[in-house]
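See below for the structure under consideration.
Because only heavy atoms are used, hydrogens play no part in the values below, and waters and symmetry mates are left out as well, while side chains stay in. Given the structure is predicted, the values throughout are model-derived calculations rather than measurements.
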2 protein chains.
Amino acid sequence: MKYVHSCMIRGDGGRTLRAILDQICNKWTLLVVATLDAGTLRFKELHQRIPGISQRMLTLTLRNLERDGLVSRTVHAEVPPRVDYELTETGRSLLEPALALAGWAIEHVPQIEASREAYKKA
Amino acid sequence: MKYVHSCMIRGDGGRTLRAILDQICNKWTLLVVATLDAGTLRFKELHQRIPGISQRMLTLTLRNLERDGLVSRTVHAEVPPRVDYELTETGRSLLEPALALAGWAIEHVPQIEASREAYKKA
DNA sequence: CTGTATCCCCAAAGATACTG
DNA sequence: CAGTATCTTTGGGGATACAG
């Protein structure tokens, strides 16, 4: 696993990697991907399941994920409109490391908050 | 692993988790943590190994990591000053999911860039 | 060497209103 | 329902200078 570190520091100076990483680790992307773990969801369902996200940011995040080939978008010719979003094969492959990171964060929330409290007092 | 998703969406509305996740997924944190995979490093060594980071951002990132209990900071009473940074036990536990995500990003860089190209043309 | 202290900028994100 | 358009805000991050 050490090669990861090498690749990050060397190569193109980590620029390409950081660009991808920035794309993944922005405010909403991981949350949207994790939510799509549930399967195919329409726009409104995503909007409801992700508290605090605005319509605009959900749209932008989904467009970027679609552009990167991580999410597929299916428009159904119906009235009212219906658009389904689903993880692609690549998107599902991101699920594992993404959920691992999210899991780590959840597990360590109490510890980190305790550390922050201790830091404030010192 | 489904419980991760549940926790993210429910609970406090995912606010606490997102706060932690934001802290981890900012521009430099993952890179600093990954760099400290190499072991104990002093300020200048970190600065050299992370291309593009400013002194200010390195300091801020390290302070946050220290506050969160992920990095330990040791000041040696020497002239010139010497400060060593090292991952704590908690910090090292972040290494695995962090490197997994970085590894995923590296593996999928070509694929994502190809998808972006295809998207542009369409 | 290892940092603070300032100033500044801009892109990301929010709010709101409107539309096919 | 599923967006787009527009405006505004904010704070993350860069550059620079200075300090212990």
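- In this entry the distance linking CD of B:Glu66 with P of C:dT2 reads 15 Å, nearest Å.
- Taking only side-chain nitrogens and oxygens, A:Lys27 comes nearer than 4.0 Å to OP1 or OP2 of C:dG14.
- For the pair B:His47 NE2 and C:dG3 C1', the computed distance is 11 Å after rounding to whole Å.
- In this model, the phosphate group of C:dG3 is approached by a side-chain N or O of B:Tyr85 to a distance below 4.0 Å at OP1 or OP2.
- Note on B:Glu78: nothing from the nucleic acid sits closer than 4.0 angstrom, heavy atoms only.
- When only modelled atom types and interatomic distance are considered, A:Thr29 and A:Asn26 share a side-chain donor-acceptor pair under 3.5 Å.
- Protein chain B contacts DNA chain D from D:dG13 to D:dG20, reading 5' to 3' and using non-hydrogen atoms of the protein with a distance under 4.0 Å.
- For B:Thr59 (side chain) and B:Gln55 (main-chain N/O), a donor-acceptor pair under 3.5 Å exists by modelled atom type.
- Closest approach of A:Lys27 and B:Asp22 over heavy atoms only: CA-OD1, 4.4 Å.
- The nearest whole Å value for the distance from the CE atom in B:Met57 to the P atom in C:dT6 is 18 Å.
- A parallel orientation is assigned to the rings of A:Trp104 and A:His108, their planes being inclined by less than 30° (bins at 30° and 60°).
- Between the CD atom of B:Gln48 and the C1' atom of C:dG3 there is a distance of 16 Å, rounded to whole Å.
- The nearest whole Å value for the distance from the CD atom in A:Gln23 to the P atom in C:dA11 is 15 Å.
- B:His76 has its NE2 atom 10 Å from the P atom of C:dT2, to the nearest Å.
- Applying the side-chain contact (heavy atoms from CB on, under 4.5 Å) test between A:Arg49 and each of A:Leu31, A:Leu36, A:Thr35 identifies A:Thr35 as the sole match.
- Counting to the nearest Å, the P atom of C:dG3 and the CZ atom of B:Arg82 are 12 Å from each other.
- Using a 4.0 Å cut-off between charged side-chain N and carboxylate O, A:Glu45 and A:Arg42 make no salt bridge.
- We find that CG of A:Leu58 is positioned 14 Å from C1' of C:dG14, with the value rounded to whole Å.
- When each of A:Ile53 and A:Pro81 is assigned the nucleotide of DNA chain C bearing its nearest heavy atom, the one mapping closer to the 5' terminus is A:Ile53.
- Across all strands shown, B:Arg56 has heavy atoms under 4.0 Å from base atoms, whether or not it also approaches the sugar-phosphate.
- Salt bridge B:Asp68/A:Arg116: present, at least one basic N to carboxylate O contact under 4.0 Å.
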